[in-house]
Amino acid sequence: MDYRQERYKSTFENEGGQEIWDFLTQPDNVIRMETATFLSRPAIEPLSPLLLQRFGERIRKDRIKQMMGHMVRQIMEGNGYALQQGNVKISSADNIFARASRYARGEEVA
């Protein structure tokens, strides 16, 4: 699966987007996103500490986080999920994301 950059082309090219995409699409990380989804949590929520460990503080930039959300949507939709709710609050103080999208299996979204 290739990332469709769309409005994040510049960020992708200038902020190591391919490396981030490769990280997000690793099978273990997809499983983490699917598990979070099963638990009715935003898909990207459990990846915060791993992203910080792998990419450092630069991953906190708003535009990079927005691009990652865009990436996660493509990954989740590519695996049979659909957007259930956007802008879901993440209450963990140490998470780099304050809000993110929650997904559900395509047939579960009404």
Side-chain angles (χ1 to χ4, degrees):
M1 169 189 291
D2 290 324
Y3 175 57
R4 295 180 314 279
Q5 301 167 21
E6 299 166 1
R7 65 184 180 271
Y8 294 98
K9 184 174 178 18
S10 176
T11 305
F12 185 85
E13 292 174 353
N14 297 319
E15 298 288 351
Q18 186 63 53
E19 190 177 5
I20 295 168
W21 175 256
D22 291 344
F23 177 82
L24 292 175
T25 57
Q26 289 175 358
D28 286 351
N29 289 330
V30 173
I31 289 169
R32 287 178 179 99
M33 290 188 281
E34 289 179 331
T35 301
T37 297
F38 176 77
L39 297 170
S40 298
R41 298 300 308 152
I44 203 164
E45 184 175 7
L47 298 182
S48 176
L50 302 172
L51 287 162
L52 276 169
Q53 179 182 2
R54 174 70 182 84
F55 298 102
E57 290 297 316
R58 75 180 179 92
I59 207 74
R60 291 183 186 271
K61 291 182 184 176
D62 286 341
R63 191 67 177 164
I64 293 175
K65 291 190 294 185
Q66 291 166 356
M67 179 182 70
M68 286 190 290
H70 190 247
M71 290 175 166
V72 167
R73 184 169 186 166
Q74 290 181 29
I75 294 165
M76 295 303 286
E77 288 177 348
N79 283 295
Y81 294 86
L83 179 66
Q84 184 180 52
Q85 182 180 353
N87 209 27
V88 176
K89 185 170 177 43
I90 297 174
S91 56
S92 174
D94 57 346
N95 200 295
I96 64 172
F97 302 97
R99 298 185 176 274
S101 295
R102 185 173 62 218
Y103 298 86
R105 273 293 192 201
E107 63 272 7
E108 297 171 9
V109 177

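Values below: every heavy atom of this structure, side chains too, minus hydrogens, waters and symmetry copies. Just so we're clear, the structure is a prediction, and the values are computed from it rather than from any experiment.
- At distances below 3.5 Å, not a single donor-acceptor pair connects side-chain atoms of R4 with backbone N or O atoms of Q74.
- Among residue pairs with one or both ends in residues 36-47, those qualifying as side-chain hydrogen bond (donor to acceptor under 3.5 Å, both in side chains) are R41-E45; sequence neighbours excluded.
- Going from atom CD1 of I96 over to atom CD1 of I90 covers 9.0 Å, rounded to the nearest 0.5 Å.
- Annotation: the span from K65 atom NZ to L51 atom CG amounts to 11.0 Å, rounded to 0.5 Å.
- The CD atom of E15 lies 10.5 Å from the CE atom of M68; values are rounded to the nearest 0.5 Å.
- In the displayed structure, Q53 atom CD is contacted under 6.0 Å by at most 12 heavy atoms of other residues, nucleotides or ligands.
- For the pair R102 (side chain) and P42 (backbone), a donor-acceptor distance under 3.5 Å is absent.
- Put simply, OG1 on T25 and CD1 on I20 are 11.5 Å apart, with the number rounded to the nearest 0.5 Å.
- In this pair, Y8 and H70 present their aromatic rings tilted. The plane angle is within the 30 to 60° band.
- Judged by distance alone, the side chain of N14 and the main-chain N or O of S10 form a donor-acceptor pair under 3.5 Å.
- You'll find the side chain of Y81 stays beyond 4.5 Å of the side chain of M33, heavy atoms only.
- If you chain together hydrophobic residues whose side chains sit under 4.5 Å apart, L83 and M71 fall into the same group.
- Within the 4.5 Å cutoff, the side chain of V88 has no heavy atoms near those of the R99 side chain.
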Practice item. Walk me through it: do F12 and E6 pass the test side-chain contact (heavy atoms from CB on, under 4.5 Å)? Key: CA-CA 10 Å; F12 185 85; E6 299 166 1; over 6 Å; no
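- Considering only residues two or more places apart in sequence or on other chains, R63 meets the salt bridge (Lys or Arg N to Asp or Glu O under 4.0 Å) condition with none of them.
- Across every non-hydrogen atom of Y103 and A43, the tightest pair is CD1-CB, 3.9 Å.
- When the shell of 6.0 Å around CG of D2 is examined, it contains 12 or fewer heavy atoms from other residues, nucleotides or ligands.
- We find the CE-CD distance between M1 and E77 to be 9.5 Å, quoted to the nearest 0.5 Å.
- Residues forming a side-chain hydrogen bond (donor to acceptor under 3.5 Å, both in side chains) with D62 (at least two apart in sequence, or on another chain): none.
- For F97, there are no ring-ring contact (aromatic ring centres under 6.0 Å, His included) partners at least two apart in sequence or on another chain.
- With rounding to the nearest 0.5 angstrom, the NZ atom of K9 is 11.0 Å from the OG1 atom of T11.
- Taking T35 as the reference, I31, L39 meet the side-chain contact (heavy atoms from CB on, under 4.5 Å) condition, with sequence neighbours excluded.
- When the side-chain contact (heavy atoms from CB on, under 4.5 Å) test is applied to R54, the partners found at least two apart in sequence or on another chain are E19, F23.
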